[in-house]
Amino acid sequence: MLQTTFIRENRELLLSRLGKRNWQATDLLVIDQIIELDDQRKALQTAHEGLLASRNQLSDEIGQLFKAGQREKAEGLRQEVNELKEKATVLETELKDTLEKLQYALYTVPNMPHESVPAGSTDEDNEVFKDWSGPLPDLGEGAVPHWELAKKYNLFDLELGVKITGAGFPVYRGKGAKLQRALISFFLDEATAAGYEEIIPPHLVNEATATATGQLPDKEGQMYYVAADDLYLIPTAEVPVTNVYRDVILNEEDFPIKMTAYTPCFRREAGSYGAHVRGLNRVHQFDKVEIVQIQHPDRSYDTLYEMLDHVERVLQKLELPYRILRLCGGDLGFTSALTYDFEVYSAAQQRWLEVSSVSNFETFQANRLKLRYRDGKQTQLAHTLNGSALALARIFAALVENNQQPDGIAIPKVLHSYTGFQQID
RNA sequence: GGAGAGAUGCUCGAGUGGUUGAAGAGGCACGCCUGGAAAGCGUGUAUGCGCCAAAAGCGUAUCGAGGGUUCGAAUCCCUUUCUCUCCGCCA
């Protein structure tokens, strides 16, 4: 959520930047509505608090009079205060109403895209920020996609998942399960070696938490919801991990805060079916290691690129062909100011699969989180960032596809100490 | 799940209707003292919002959360959340 003061002070810039998200003139009206509502709010608040101040002052006087034994005088003041209170109640109702409208309007405004965000409306307009320079793997005859490899080598079973739960809930087995666990450990070790504190957060979160990182309101359809306890299954570790710092005031020397977490991620992904979602390409539950940073506003973009480097190094160690995209305005998430996606090449499917998304949210989440730092005498909102390092199901898919050989699947060297085997056969 | 107790500032902890944004202690910061340090002494130490060009300042709200009683609530009432203790259940 953008700050009202920011919107007031940067109206023109905001209007033009929201154009990158393909906002039309009619969409932009909400910005002026917000400023208007905020004007109203200020006027009402000033008037309301003026009445409260009088009330408090008179109440003090009444107290003094009672002590002095001047009951009659006190009774007179009482009448006066009661009249003030009636007026105050009217203003209070109006104020609450205005605040509610303002809040509602603010919730509809997405983050302001960074100046480097390319124009565009769909994922086809994303800019290739760093392309894969080497040759793409050519598996030749007989290469099969990962879902067939899964059957051949007993790596995972989607039909079994259907029996146990439903579509999109893979059951990993045998060396497939071991490989999955190896990848998780490897990713976590890479992150902690880079200075991230490992966190094991809850996998269910309450409404306040989901609101602070921007999943609520509006996107409840994307999360699994446990009605009996009013809790949501996390769609990403970003949600609980970023909320570690909800309602916190940091000192400047606390920056940067670096946290990493492995969690399963649950996404309803309603309405996505078809050939491109076969196998592990899109599932309702997948494993992911997330990296999160909280940084000083002046340094958050350096941090964003540092996080890109981290993801890049991990992919290099896994020896997977990858490219980096800079998301266009139309594809940019609601809460993000700038996002880079990583895609790995899936040689058997001959297509790129998104395996990581690294974003700077600037103050958008921090505003809702009330995550601030002390800047001299005042407090300022911090910047939050996060990225996948990495999302597992698709890494798993690309890994087994690209490394398939006639007699088995070769495990990348870096994972040998984690898997305990060098090949799946 | 049943019974009881509790929730106050960075921490501990006092406070049952009237300068209580909140005693006291600890911590922390700064200053004095010291050759240096400790001890000691002094000062300071919440956040949001509004008024103000801005600072200073002033106002207002906040003692788990929400609502109520009252001229006035940390203090009284209701609802709710959470924590602790005992019992039950249990990986």
Side-chain angles (χ1 to χ4, degrees), chain A residues 1-10 34-107 200-212 216 226-232 240 243-254 257 264 363-382:
Chain A
M1 187 165 67
L2 293 172
Q3 291 176 99
T4 319
T5 47
F6 177 86
I7 293 174
R8 300 183 78 104
E9 287 164 18
N10 301 277
I34 285 170
I35 294 172
E36 238 170 78
L37 283 167
D38 194 45
D39 286 338
Q40 264 179 49
R41 186 215 107 223
K42 284 186 184 188
L44 286 167
Q45 186 179 336
T46 304
H48 180 238
E49 288 184 354
L51 292 176
L52 292 185
S54 311
R55 180 205 65 186
N56 288 344
Q57 208 184 322
L58 289 174
S59 292
D60 277 351
E61 282 177 36
I62 291 172
Q64 300 297 331
L65 289 171
F66 268 119
K67 272 187 189 166
Q70 299 179 273
R71 293 201 148 255
E72 281 169 35
K73 252 187 161 175
E75 288 299 330
L77 283 184
R78 247 190 204 172
Q79 277 304 318
E80 211 178 309
V81 175
N82 278 328
E83 282 166 35
L84 279 179
K85 280 173 71 183
E86 269 176 50
K87 285 187 201 163
T89 309
V90 174
L91 286 181
E92 195 188 351
T93 310
E94 280 181 56
L95 182 60
K96 273 188 180 169
D97 185 54
T98 305
L99 280 170
E100 210 171 286
K101 284 183 187 154
L102 181 60
Q103 185 67 246
Y104 179 81
L106 283 169
Y107 275 143
I200 301 181
H203 298 170
L204 284 89
V205 295
N206 57 32
E207 188 186 331
T209 294
T211 303
L216 294 178
V226 181
D229 297 288
D230 197 18
L231 295 172
Y232 297 86
N243 271 275
V244 167
Y245 283 87
R246 172 147 51 93
D247 254 315
V248 167
I249 300 176
L250 299 163
N251 295 311
E252 285 208 36
E253 60 267 26
D254 295 331
I257 304 234
T363 61
F364 195 88
Q365 293 181 327
N367 190 206
R368 292 198 193 178
L369 289 158
K370 297 196 183 68
L371 166 52
R372 293 155 291 174
Y373 67 96
R374 273 180 223 288
D375 179 19
K377 280 195 169 178
Q378 13 175 0
T379 62
Q380 302 280 352
L381 292 175

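Chain identifiers are assigned alphabetically (A, B, ...) following the order of the sequence lines, protein sequences preceding nucleic acid strands; residue numbering begins at 1 within each chain. These numbers come from the heavy atoms of this one structure, side chains and all, not from hydrogens, waters or symmetry mates.
We find that CG of A:D39 is positioned 15 Å from C1' of B:C49, with the value rounded to whole Å. Remark: C1' of B:U62 and CD1 of A:I249 are 13 Å apart, rounded to the nearest angstrom. For A:D247 and B:A46, the CG to P distance is 17 Å, given to the nearest whole Å. Atom CG of A:D229 and atom C1' of B:U81 are 14 Å apart (whole Å). The distance between atom CG of A:L381 and atom C1' of B:G48, rounded to the nearest whole Å, is 12 Å. Between the C1' atom of B:G48 and the CG atom of A:D38 lies a distance of 14 Å, rounded to the nearest Å. We find that CD of A:Q378 is positioned 13 Å from P of B:G50, with the value rounded to whole Å. Atom CG in A:N206 sits roughly 10 Å away from atom P in B:C82 (whole-Å rounding).
Taking 4.0 angstrom as the limit, A:R78 places none of its side-chain polar atoms (N or O) nearer than this to OP1 or OP2 of B:U70. At least one side-chain nitrogen or oxygen of A:T379 sits closer than 4.0 Å to the OP1 or OP2 atom of B:G48. Close to B:U60, at under 4.0 Å from its OP1 or OP2, lies a side-chain N or O of A:N56. The phosphate of B:C28 has neither OP1 nor OP2 within less than 4.0 Å of any side-chain N or O from A:N251. Proximity of A:R55 to the phosphate of B:C71: no side-chain N or O atom is located under 4.0 Å from OP1 or OP2.
On the C1' atoms, B:G9 is 13 Å away from B:G24, given to the nearest whole Å. Across B:A73 and B:A65, the matching P atoms stand 16 Å from one another, rounded to whole Å. Taking atom P on both nucleotides, B:C78 is separated from B:U69 by 15 Å, rounded to a whole Å. If you take atom P in B:C82 and the same atom in B:C28, they sit 35 Å apart, rounded to whole Å. Distance check on atom P: B:U34 versus B:G26 gives 24 Å, rounded to whole Å. Taking the C1' atom of each, B:A91 and B:U80 are spaced 30 Å apart, rounded to whole Å. To the nearest whole angstrom, the two P atoms, one in B:A55 and one in B:C71, are 39 Å apart. B:G36 and B:U45 have their C1' atoms separated by 27 Å, with the value rounded to a whole Å.
Remark: B:C84 base-pairs with B:G4; criterion is Watson-Crick or G-U wobble with both hydrogen-bond distances under 3.5 Å. B:C89: no Watson-Crick or G-U partner with both key distances under 3.5 Å is found in any strand. Using Watson-Crick or G-U wobble geometry with both donor-acceptor distances under 3.5 Å, B:U16 finds no partner in any strand shown. Figure legend. B:A53 is base-paired to no nucleotide; pairs are counted as Watson-Crick or G-U wobble with both atom distances under 3.5 Å. Here B:A46 sits opposite B:U62 as a Watson-Crick or G-U wobble pair (both hydrogen-bonding atom distances under 3.5 Å). Here B:C76 sits opposite B:G68 as a Watson-Crick or G-U wobble pair (both hydrogen-bonding atom distances under 3.5 Å). Look at B:U34: it lacks any Watson-Crick or wobble partner with both distances under 3.5 angstrom. Under the Watson-Crick or G-U wobble criterion, with both distances below 3.5 Å, B:G21 has no partner in any strand shown.
Comparing A:T46 and A:G50 against RNA chain B, the residue whose closest nucleotide sits nearer the 5' end is A:T46. With RNA chain B read from its 5' end, the first of the two nearest nucleotides for A:L77 and A:Q3 is the one closest to A:Q3.
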**Prompt:** Does the pair A:T209 and A:N206 meet the rule for a side chain to side chain donor-acceptor pair (under 3.5 Å), with working shown?
**Reply:** CA-CA 6 Å; A:T209 294; A:N206 57 32; 3.0 Å; yes

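Under 4.0 Å is where a charged nitrogen must lie from a carboxylate oxygen, and between A:D39 and A:K42 no such pair does.
Closest approach of A:A210 and A:V205 over heavy atoms only: CB-CG2, 4.3 Å. Here the closest heavy-atom approach between residue A:Q3 and residue A:L381 is recorded as CD-CD1, 3.2 Å. Here the closest non-hydrogen pair linking A:L106 and A:L2 is CD2-O, 3.8 Å. Between A:R368 and A:Y107 the shortest heavy-atom distance is NH2-CD2, 3.3 Å. The minimum heavy-atom distance between A:R55 and A:V81, with the atom names listed, is CG-CG1, 3.8 Å.
Although no hydrogens or angles enter the test, the distance criterion places no donor-acceptor pair under 3.5 Å between the side chain of A:N367 and the main chain of A:F364.
For A:Q45, taking side-chain heavy atoms from C-beta onward, the closest of the listed nucleotides B:U70, B:C49, B:U47 is B:C49. Nearest nucleotide to the A:K42 side chain, out of B:G59, B:C51, B:C71: B:C51. For A:R372, taking side-chain heavy atoms from C-beta onward, the closest of the listed nucleotides B:C71, B:U47, B:G50 is B:U47. With distances taken from any side-chain atom of A:N82 to the nucleotides B:C49, B:C71, B:C51, the minimum falls on B:C71.
Counted within 6.0 Å of CD on A:E61, heavy atoms from surrounding residues, nucleotides or ligands total more than 12; the atom is thus considered enclosed.
The side chain to side chain contact (heavy atoms under 4.5 Å, CB included) with A:T98 is formed by just one residue from the set A:D38, A:L44, A:T93; it is A:L44.
Against RNA chain B, the stretch residues 57-64 of chain A makes heavy-atom approaches under 4.0 Å through A:S59, A:I62, A:G63.
Residue side chain A:E49 does not reach the base of B:G50 through any donor-acceptor N/O pair under 3.5 Å, judged by distance alone.
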